[in-house]
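No hydrogens, no waters, no symmetry mates; every other heavy atom, side chains included, goes into these values.
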Amino acid sequence: MGNTLRTAIAAALTAALVTTLTTPATPAAAAETAPTNVRIAWKDSTYQRVVVSWDETEPVANLVTLRTRGDRNYFSVTTTADQPNAIEVEAARIRDYSWYSPGKPLEFVVAGGPSSAVSPGFDAFAPNQAHLIAATRSAAGATTVRWQPPTGTDLTPNDPLDRNLPLTYQVSYIPASTGRQVPIGGRTTATQVTYTLRSEYKLQVVAHNEWGGQFPTTMVTANATRITAHVPSWAVYDSDSVVTGTYTPADQQRQVVLQARNSSTSPWYTVRSITARGGRFEFPLGTGGSRQYRVTAPTSQYYNGALVYNAASTAPAASTTQLRVLGAFWYTQILAGWTNEARLYVAPKVNTTATLQRWNGKTWTTVGPVKVKNGYGVGYIRTTAKGRTAYRYYVPATTYAGVYFAAAYTQNFVNVVV
């Protein structure tokens with residue numbers, strides 16, 4: 001009985017095992033299609049839009065995401081199953097995220113169901129700033145600006161969106177009067193520009209690559225100069241008269257030039273040039289003669305031409321210079337009947353005829369003319385009357401070296417007879 005039972009059980013187990021091993025398996029559900037071969041490319045040669053495309057064996061809805069590799073997601077675009085396996089994205093939108101995680105490349109992730117695929121990494125940086133070498137100004141007023149191309153590290157050399165093209169530059173200026181940007185020509189590969197501007201402005205250069213331009217470099221800032229001057233309307237030759245004035249901006253030392261002309265139609269010439277500091281200047285005036293004067297501050301450049309102060313001049317101002325004269329007797333006193341010398345000294349050393357005058361107690365009377373040669377003349381006085389008598393010289397207006405000098409009286413000087 002026991003052997004018969006064991007035999008029956010063993011037979012049943014064997015039959016069950018055979019049945020299990022030979023029963024056909026139920027087919028599993030087909031796996032969802034996974035996107036593959038994600039590609040990135042420029043839509044066309046305008047470099048305005050990027051095309052992201054991919055492959056898949058069956059149409060499915062997709063989620064396309066821009067992200068920094070190993071970092072964060074920025075934005076996503078969804079597609080439906082019946083749309084093409086491609087999207088277009090504005091380049092400017094991609095470029096805006098390049099600076100969020102510097103040092104890491106960007107990539108597009110295409111997800112379809114539980115699976116995803118990743119594009120090649122790429123960078124979307126517009127060039128850094130160009131660097132000024134120098135800005136120089138010619139005598140005619142033209143300015144030439146030279147710059148160095150920007151430097152930077154390509155995180156993904158030869159990625160699908162790289163274009164081995166030279167950088168181009170857009171030069172523009174911003175007038176202080178309007179604040180609006182004005183292009184100077186079109187984009188160029190040249191690293192210098194020559195232009196002529198005389199107003200207040202800022203000159204900017206923007207470097208461009210396939211991702212556009214982002215960072216303007218202010219190469220030149222030109223500011224107006226404001227200058228004032230006080231010119232004495234009357235001065236005595238070789239006196240302490242001065243021309244004084246101010247200039248702004250006053251943060252830099254400036255060359256300041258005193259100019260003169262002999263008439264309103266004659267050319268200007270330089271009297272003196274100085275280097276002024278602190279926004280103030282001073283020129284001696286006493287030896288100039290009667291002329292028109294103005295003060296000019298020529299255009300000045302600083303920091304390799306990056307800072308410019310434009311030229312400025314004051315309005316013409318007339319100043320009359322009077323002869324410097326001195327009268328004196330050679331002898332402090334004489335005896336009655338003797339002759340004294342009434343000497344006359346004139347500066348500058350003109351040639352003219354002066355008039356010797358005597359005070360009679362009521363008015364000045366003429367003694368006589370006295371020749372003046374090279375600024376010196378002598379009149380002779382002889383009297384028998386004892387006492388003190390005042391004299392003076394009148395020297396008429398004259399020209400010297402082509403410049404007008406106003407007439408002058410000497411001080412009173414006394415002849416003493418004992």
Side-chain angles (χ1 to χ4, degrees), residues 38-54 62-79 86-111 116-133 145 147-174 179-181 183 186-191 193 202-221 306:
V38 180
R39 302 172 297 279
I40 52 175
W42 291 104
K43 180 181 179 180
D44 53 42
S45 60
T46 64
Y47 307 117
Q48 298 299 307
R49 302 179 72 84
V50 172
V51 177
V52 184
S53 59
W54 59 93
N62 298 105
L63 181 69
V64 184
T65 302
L66 177 70
R67 73 182 186 186
T68 298
R69 180 177 295 170
D71 201 338
R72 59 177 125 172
N73 297 340
Y74 296 125
F75 66 82
S76 297
V77 179
T78 58
T79 66
I87 64 168
E88 293 183 12
V89 184
E90 291 184 2
R93 187 179 184 192
I94 300 172
R95 184 188 65 204
D96 290 342
Y97 293 101
S98 297
W99 299 99
Y100 279 59
S101 297
K104 295 181 180 180
L106 298 172
E107 60 188 10
F108 279 101
V109 182
V110 181
S116 62
V118 181
S119 74
F122 65 96
D123 59 63
F125 290 105
N128 292 324
Q129 291 179 308
H131 302 285
L132 175 69
I133 298 174
V145 179
W147 60 86
Q148 291 178 335
T151 57
T153 302
D154 191 340
L155 301 177
T156 56
N158 300 314
D159 70 56
L161 298 178
D162 277 347
R163 291 293 174 266
N164 296 319
L165 300 174
L167 296 179
T168 59
Y169 303 92
Q170 179 61 60
V171 183
S172 60
Y173 72 98
I174 303 175
R180 298 190 186 95
Q181 199 167 57
R187 296 251 289 274
T188 176
T189 58
T191 54
V193 65
K202 288 184 178 180
L203 184 91
Q204 294 186 333
V205 174
V206 179
H208 290 256
N209 62 8
E210 61 268 21
W211 290 101
Q214 200 162 1
F215 300 104
T217 302
T218 298
M219 296 288 180
V220 177
T221 300

Do F75 and D96 come close enough that some side-chain heavy atom pair is under 4.5 Å? no

Could you check whether any side-chain N or O of H131 sits under 3.5 Å from a backbone N or O of Q148, counting only pairs where one atom can act as donor and the other as acceptor? no

Output, in order, the C-alpha distance, side-chain angles, deciding distance and verdict of side-chain hydrogen bond (donor to acceptor under 3.5 Å, both in side chains) for T156 and D159. CA-CA 6 Å; T156 56; D159 70 56; 2.6 Å; yes

To check you understand the geometry: which heavy-atom pair defines the closest contact between S119 and I40, and what is its length? CB-CG2, 4.0 Å

Whether the side chain of D154 engages the backbone of D123 through a donor-acceptor N/O pair (distance < 3.5 Å, no angle test) should be reported. no

Less than 4.5 Å apart, side chain to side chain, heavy atoms only: is that true for L167 and P150? yes

Check whether any side-chain heavy atom of P160 lies under 4.5 Å from a side-chain heavy atom of R39, and answer yes or no. no

As an exercise, state the distance from CD of E210 to CG of N164, rounded to the nearest 0.5 Å. 8.5 Å

I would like to know whether L106 and T68 meet side-chain contact (heavy atoms from CB on, under 4.5 Å); could you show each step before the answer? CA-CA 5 Å; L106 298 172; T68 298; 3.8 Å; yes

Counting neighbours of CZ on R180 that are heavy atoms of other residues, nucleotides or ligands and sit closer than 6.0 Å, is the number greater than 12? no

Look up atom CD in Q204 and atom CE in M219, then write down how far apart they are to the nearest 0.5 Å. 10.0 Å

Sole residue of L132, I174, T217, V171 in side chain to side chain contact (heavy atoms under 4.5 Å, CB included) with L203: V171

Gap between atom CD of Q181 and atom OH of Y173 - 0.5 Å precision: 11.0 Å

Search all heavy atoms of P166 against all heavy atoms of T189 and return the closest pair with its distance. CG-CG2, 4.1 Å

For K104 and R69, work out which heavy atoms get closest and say how close. CD-O, 3.8 Å

P105 to L155 - nearest heavy-atom pair and separation: N-CD1, 4.3 Å

What do you reckon, is OH of Y100 surrounded by more than 12 foreign heavy atoms closer than 6.0 Å? no

What's the separation between atom CG in N128 and atom OG1 in T153, rounded to the nearest 0.5 Å? 9.0 Å

Only pairs under 3.5 Å count here: list side-chain donor-acceptor contacts from residues 86-95, not counting sequence neighbours, and write none if there are none.
unit_1, atom_1, unit_2, atom_2, d
E88, OE1, K43, NZ, 3.4
E88, OE1, R49, NE, 2.9
R95, NH1, W211, O, 2.7

Just verifying a value: how many Å separate H208 NE2 and Q214 CD, rounded to the nearest 0.5 Å? 10.5 Å

For the atom pair CG (N62) and OG (S116), what is the distance rounded to the nearest 0.5 Å? 10.5 Å

Just checking W147 against Y169, ring centres under 6.0 Å apart? yes

Any side-chain heavy-atom pair from W42 and V50 closer than 4.5 angstrom? yes

Return the orientation label for the Y74 and Y97 ring planes: parallel under 30°, perpendicular over 60°, tilted otherwise. parallel

Short side-chain to backbone donor-acceptor contact, S98 and A124, under 3.5 Å: yes

